Amino acid sequence: MNEEAERESTMQGMNIDLRENLRKIVERCKNDRVREYEMAITSIVEDADSYAETLCSKLKSIISDEDADISYAAFFALVTYHRRQKNVRELEMLFETYSNEFKVGGRKSHDSYAFLKLMFDKMSHNRNLNRLIEEASNLCEIMGKENCGVLHCFSELVAEAYEVRNNGLNTTEEELIKKAISTVTEAINRSKEPNAFSDEEPNDGYPKFYFTLGRLYFVGAINCKNRSESLELFNKATHEIDIAVDYEKSAARMADYQIKCSRLQADYYKATIEYEMKVQRKQIDSSLNEMNTKNLEFLGFFAAVVSFTIGSIQIVKEFQFETVATLIIVLTGCLMTAFGGFGFLLHGLNREKLFSTFLVIIFGVMIIVAALWYGRVYV
């Protein structure tokens, strides 16, 4: 009996201390939209594995507090804990239970609720990334200036949506990637600023922000058709992920960054090889077509020579020399004109071949006209 009373007393004391900590966070942070608010509440739950059950129980009891700000801070902390633990079912129950209270227009409405909901929706297996990107973009307009985490969330969603692509991006998608790179870069710069809630010195930014920037550079590198620009983006990507690994304190996350980086590098090399193969295939096809065309030209030329020779022999047998000479010259002009027409059939309107083809036809016509005029042969 004494043990139960002691345990109850300890839990009650923890409840008071927890509520007091949440009250201090609410007082010291100007509103729930700022990054300091999120980081301060995260610090309460990030090392709670050894007493997680008790902590969650106390946070649930504080959610019913009449003070709307403290109640929401407890909800925020509980959602943050389960999100970090990837407890999807627990999160579903929390949002189903308290959605009407904390969403915009609710009895205890808070602006950052939309951000919490967005972070939860990211974890869903049936998520619509395009819709989430649009929601994150809207949140950047509302909270982006105060919370670099919102900026990072938008960029991370863009990276997740497009890092599986390797068949090129249209203009709109390229602009979205550039916007995401600019946004996460801004988030990194913001994260280096002093934390108003903490007395710690400014750091070099959050490792995951650098990792997301690296992922976006990989997206650009994989889908870029300019090989020199692609290689430049690839080098930037590996550099940013190396920074993320260097700054990360969690061994598990560090390993996760390295594994994902290896996969993205493999995707880049695969895309590069496929692109080079396409280029080589086009060059080979072009060479084969050119070779076939030249073979046909040679065959046509020799056929013309044979026809010219046979025709000349037949003419010589039946007419006088002057007439024969005139007819042979006419035949030569006809063959040149026909050979020029054959060139049109082979090359079409190819600019490189067009001038020489026209020249052969015109020269052939001139020979025919000259032969008819000077030989006094009339049709």
Side-chain angles (χ1 to χ4, degrees), residues 10-11 13-29 31-63 69-91 93-95 98 102 110 112-113 115-120 122-123 143 146-153 156 187-188 190-212 244-257:
T10 301
M11 291 179 68
M14 181 181 177
N15 189 25
I16 295 172
D17 292 340
L18 187 58
R19 187 185 185 284
E20 181 63 19
N21 286 339
L22 294 174
R23 185 189 64 79
K24 289 179 180 179
I25 292 172
V26 169
E27 288 181 355
R28 293 185 62 177
C29 293
N31 59 59
D32 59 285
R33 297 191 301 272
V34 297
R35 178 69 171 176
E36 290 84 353
Y37 181 90
E38 178 187 351
M39 297 308 297
I41 288 183
T42 300
S43 67
I44 293 176
V45 301
E46 62 182 351
D47 296 320
D49 293 342
S50 59
Y51 55 92
E53 187 176 345
T54 303
L55 176 68
C56 291
S57 176
K58 293 306 175 184
L59 285 172
K60 284 182 180 179
S61 66
I62 297 174
I63 290 177
D69 291 332
I70 292 176
S71 172
Y72 179 71
F75 173 76
F76 197 115
L78 196 56
V79 168
T80 301
Y81 172 77
H82 286 303
R83 181 170 56 81
R84 290 169 68 91
Q85 299 297 320
K86 295 181 171 55
N87 298 331
V88 177
R89 182 56 189 154
E90 293 291 338
L91 287 168
M93 293 173 63
L94 280 172
F95 282 104
Y98 299 106
F102 296 121
H110 282 73
S112 63
Y113 173 84
F115 180 46
L116 284 181
K117 185 66 167 59
L118 177 65
M119 296 291 281
F120 165 63
K122 276 177 60 182
M123 301 171 65
M143 296 176 56
E146 299 172 293
N147 193 329
C148 58
V150 176
L151 301 178
H152 171 258
C153 181
E156 187 178 31
I188 290 171
R190 293 268 192 87
S191 67
K192 296 177 181 178
E193 296 173 358
N195 188 336
F197 190 80
S198 173
D199 296 328
E200 294 180 3
E201 292 294 323
N203 56 28
D204 294 310
Y206 298 104
K208 194 172 184 182
F209 290 11
Y210 289 99
F211 179 65
T212 298
V245 173
D246 289 341
Y247 290 166
E248 184 57 66
K249 297 177 181 178
S250 167
R253 286 189 180 182
M254 193 183 302
D256 185 49
Y257 295 161

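If you're wondering where the values come from, they're calculated on a predicted model, not measured in any experiment. Position 1 is the first residue of the sequence; numbering continues from there.
Atom NZ of residue Lys24 and atom CZ of residue Arg19 lie 13.0 Å apart, to the nearest 0.5 angstrom. The CZ atom of Arg253 sits 11.5 Å away from the CZ atom of Phe211 when rounded to the nearest 0.5 Å. The CD1 atom of Ile44 sits 12.0 Å away from atom CE of Met39, with the distance rounded to the nearest 0.5 Å. Rounding to the nearest 0.5 Å gives a distance of 11.0 Å between CG of Asp17 and NZ of Lys58. Atom NE2 of residue His152 and atom SG of residue Cys148 lie 9.5 Å apart, to the nearest 0.5 angstrom. Here CG of Leu151 is found 10.0 Å from OG of Ser191. Values are rounded to the nearest 0.5 Å.
Annotation for Val34 and Cys29: closest pair CG2-CB, 4.2 Å, computed over non-hydrogen atoms. Between Ala73 and Ile41, the shortest heavy-atom contact is O-CD1, 3.8 Å. When all heavy atoms of Tyr210 and Lys192 are compared, the pair lying nearest together is OH-CE, 3.2 Å. The two residues Glu146 and Arg190 make their nearest non-hydrogen contact at N-NH1, 4.2 Å. In plain terms, the two heavy atoms of Leu116 and Phe75 that are nearest each other are CD1-CE2, 4.0 Å.
Note on Glu156 versus Lys122: salt bridge recorded, some NZ/NE/NH1/NH2 to OD/OE distance being below 4.0 Å.
Residues Asn31 and Tyr37 have side chains not in contact (no heavy-atom distance under 4.5 Å, counting atoms from C-beta outward). Side-chain contact between Asp32 and Val26 is absent, with no heavy-atom pair separated by less than 4.5 Å. Within the 4.5 Å cutoff, side-chain heavy atoms of His110 are placed close to those of Asp69. The closest side-chain heavy-atom distance from Met119 to Cys153 is below 4.5 Å. When side chains are defined from C-beta on, Lys208 counts as touching Tyr257, because their heavy atoms get closer than 4.5 Å. With contacts defined as side-chain heavy-atom distances shorter than 4.5 Å, the pair Tyr81/Leu59 does not qualify. Here the side chains of Arg83 and Thr80 are in contact, with some heavy-atom distance below 4.5 Å. Residues Leu78 and Val45 form no side-chain contact, since every pair of their non-hydrogen atoms from C-beta on lies 4.5 Å or further apart.
Aromatic ring centres of Phe102 and Phe76 lie farther apart than the 6.0 Å criterion allows. Within the 6.0 Å centre-distance limit, the rings of Phe95 and Tyr113 are counted as a close aromatic pair.
The side-chain tip of Arg35 points at the ring of Tyr206 from less than 6.0 angstrom away and within 45° of straight on.
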>> What verdict does the side chain to side chain contact (heavy atoms under 4.5 Å, CB included) test give for Val88 and His82, after you've listed the backbone C-alpha separation in whole Å, the side-chain angles of each residue and the deciding distance to 0.1 Å?
In response: CA-CA 7 Å; Val88 177; His82 286 303; over 6 Å; no
> Do Val150 and Leu118 pass the side chain to side chain contact (heavy atoms under 4.5 Å, CB included) test, and can you show the C-alpha distance, the side-chain angles, and the key distance before you say yes or no?
Replying inline: CA-CA 10 Å; Val150 176; Leu118 177 65; over 6 Å; no
> When you look at Leu18 and Leu55, which way does the side chain to side chain contact (heavy atoms under 4.5 Å, CB included) test go after all the steps?
Replying inline: CA-CA 9 Å; Leu18 187 58; Leu55 176 68; 3.8 Å; yes
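When atom types are taken as modelled, the side chain of Gln85 and the backbone of Asn87 share no donor-acceptor pair closer than 3.5 angstrom.
More than 12 heavy atoms of other residues, nucleotides or ligands lie within 6.0 Å of CD in Glu27, so this atom counts as buried by the packing criterion.
Of the options Glu38, Arg33, Glu36, a side chain to side chain contact (heavy atoms under 4.5 Å, CB included) to Asn147 is made by Glu38 and by none of the others.
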